[in-house]
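Read the structure below first, then the notes.
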Protein chains: 2
Amino acid sequence: MTTVLDADRIFAAMADATRRDIVLRALDAREGVVELAAHYPMSFAAIQKHIAVLERAGLVTKERDGRRKVVRTNIDALRLARGLLDEYEALWRGRIDRMTDLIAYSKEIER
Amino acid sequence: MTTVLDADRIFAAMADATRRDIVLRALDAREGVVELAAHYPMSFAAIQKHIAVLERAGLVTKERDGRRKVVRTNIDALRLARGLLDEYEALWRGRIDRMTDLIAYSKEIER
DNA sequence: GTCACATACAACCATATGGTTGTATCTATG
DNA sequence: CATAGATACAACCATATGGTTGTATGTGAC
């Protein structure tokens with residue numbers, strides 16, 4: 001299973017309410033696939049697919065526990081996405097700062 | 001044009017490198033659609049579609065400037081996505097804290 | 001070893017997405 | 001108003017996505 005932690009897959013995986021909810025529940029890492037599937041109004045196989053998408057994105061991992069496989073959220077993948085959004089935020093602030101400087105400079109010139 | 005700022009659309013829009021790059025460039029709000037399209041190795045219409053996706057997600061807006069329409073990133077949409085990821089992070093930390101408390105409690109009992 | 005439970009996966013269908021080309025509309029300028 | 005530039009949008013195609021049902025595999029309990 002490829003889990004290279006790329007932004008495309010992570011954002012795509014997070015673009016679905018069911019999958020975001022699975023990520024939330026899997027923060028506790030207590031439920032297997034059957035338990036998780038029970039929360040949603042769709043087939044077991046559908047949830048399996050959603051989990052597979054999350055797994056390929058590196059957002060969750062599965063650990064064997066007896067006859068079950070417990071799904072656990074990988075917080076690092078979430079942090080990668082957050083880090084990217086932080087960069088945009090930082091660049092945005094930088095832009096504002098430059099504009100402020102520019103205005104200050106214009107006023108300087110006007111005097 | 002519907003621009004309800006929902007997480008599904010925002011994450012889906014961010015799940016493409018070309019669109020993320022457009023969001024970056026549009027932080028400066030200096031380029032029109034033609035100028036933006038010039039940066040990428042695909043047709044003008046393809047970039048128009050990407051911008052439409054970003055627009056539907058509320059990630060960018062267009063403002064008329066003479067015969068052009070300048071594309072500008074809407075930082076609030078980015079913040080919404082970041083806020084969601086922050087929540088996951090917070091819940092994750094809460095979980096760790098609860099585990100730590102539990103361990104502390106067990107040790108208390110043992111004495 | 002057999003049975004039941006948990007998981008995996010293939011085949012199929014409908015719809016969405018990402019690209020193309022072509023045509024139409026809007027706006028500024030001579 | 002004629003023309004050129006900037007944008008919009010429809011039609012089309014290939015592939016991806018999200019769901020279904022059905023079948024197969026793996027693991028623990030008896």
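Just so you know, these numbers come straight off a predicted model, no measurement behind them.
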- Residues in side-chain contact (heavy atoms from CB on, under 4.5 Å) with Glu63(A), at least two apart?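 Partners of Glu63(A) under the side-chain contact (heavy atoms from CB on, under 4.5 Å) test: Thr61(A), Arg72(A).
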
- Sequence neighbours excluded, which residues qualify as side-chain contact (heavy atoms from CB on, under 4.5 Å) partners of Arg67(A)?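 Arg67(A) satisfies side-chain contact (heavy atoms from CB on, under 4.5 Å) with no other residue.
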
Pull out every protein N or O sitting under 3.5 Å from an N or O of nucleotides 4-8 of chain D, one pair per line with the distance.
unit_1	atom_1	unit_2	atom_2	d
dG5(D)	O4'	Arg67(B)	NH1	2.9
dT7(D)	OP1	Val33(B)	N	3.2
dT7(D)	OP1	Lys69(B)	N	2.8
dT7(D)	OP1	Lys69(B)	O	3.3
dT7(D)	OP2	Val33(B)	N	3.3
dT7(D)	OP2	Val34(B)	N	2.7
dA8(D)	OP1	Lys62(B)	NZ	3.4
dA8(D)	OP1	Lys69(B)	NZ	3.0
dA8(D)	OP2	Lys62(B)	NZ	2.9
dA8(D)	N7	Gln48(B)	OE1	3.2
dA8(D)	N7	Gln48(B)	NE2	3.0

Under 3.5 Å, which N/O atoms of the protein pair with N/O atoms of nucleotides 11-19 of chain C?
unit_1	atom_1	unit_2	atom_2	d
dG18(C)	OP1	Arg19(B)	NH2	3.4
dG18(C)	OP2	Arg19(B)	NH1	3.1
dG19(C)	OP2	His50(B)	NE2	2.1
dG19(C)	N7	Lys49(B)	NZ	2.9
dG19(C)	O6	Lys49(B)	NZ	2.1

- Query: Glu35(B): what forms a side-chain hydrogen bond (donor to acceptor under 3.5 Å, both in side chains) with it, not counting sequence neighbours?
  - Reply: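 Here the qualifying residues are Arg68(B).
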
- Item | Pair listing, side-chain hydrogen bond (donor to acceptor under 3.5 Å, both in side chains) test, anchored in residues 43-52 of chain A, at least two apart |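 Those involving residues 43-52 of chain A are Arg19(A)-His50(A).
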
Who passes salt bridge (Lys or Arg N to Asp or Glu O under 4.0 Å) against [X], sequence neighbours left out?
X: Glu89(B); result: Arg79(A), Arg93(B)
X: Lys62(A); result: Glu55(A)
X: Arg30(A); result: none

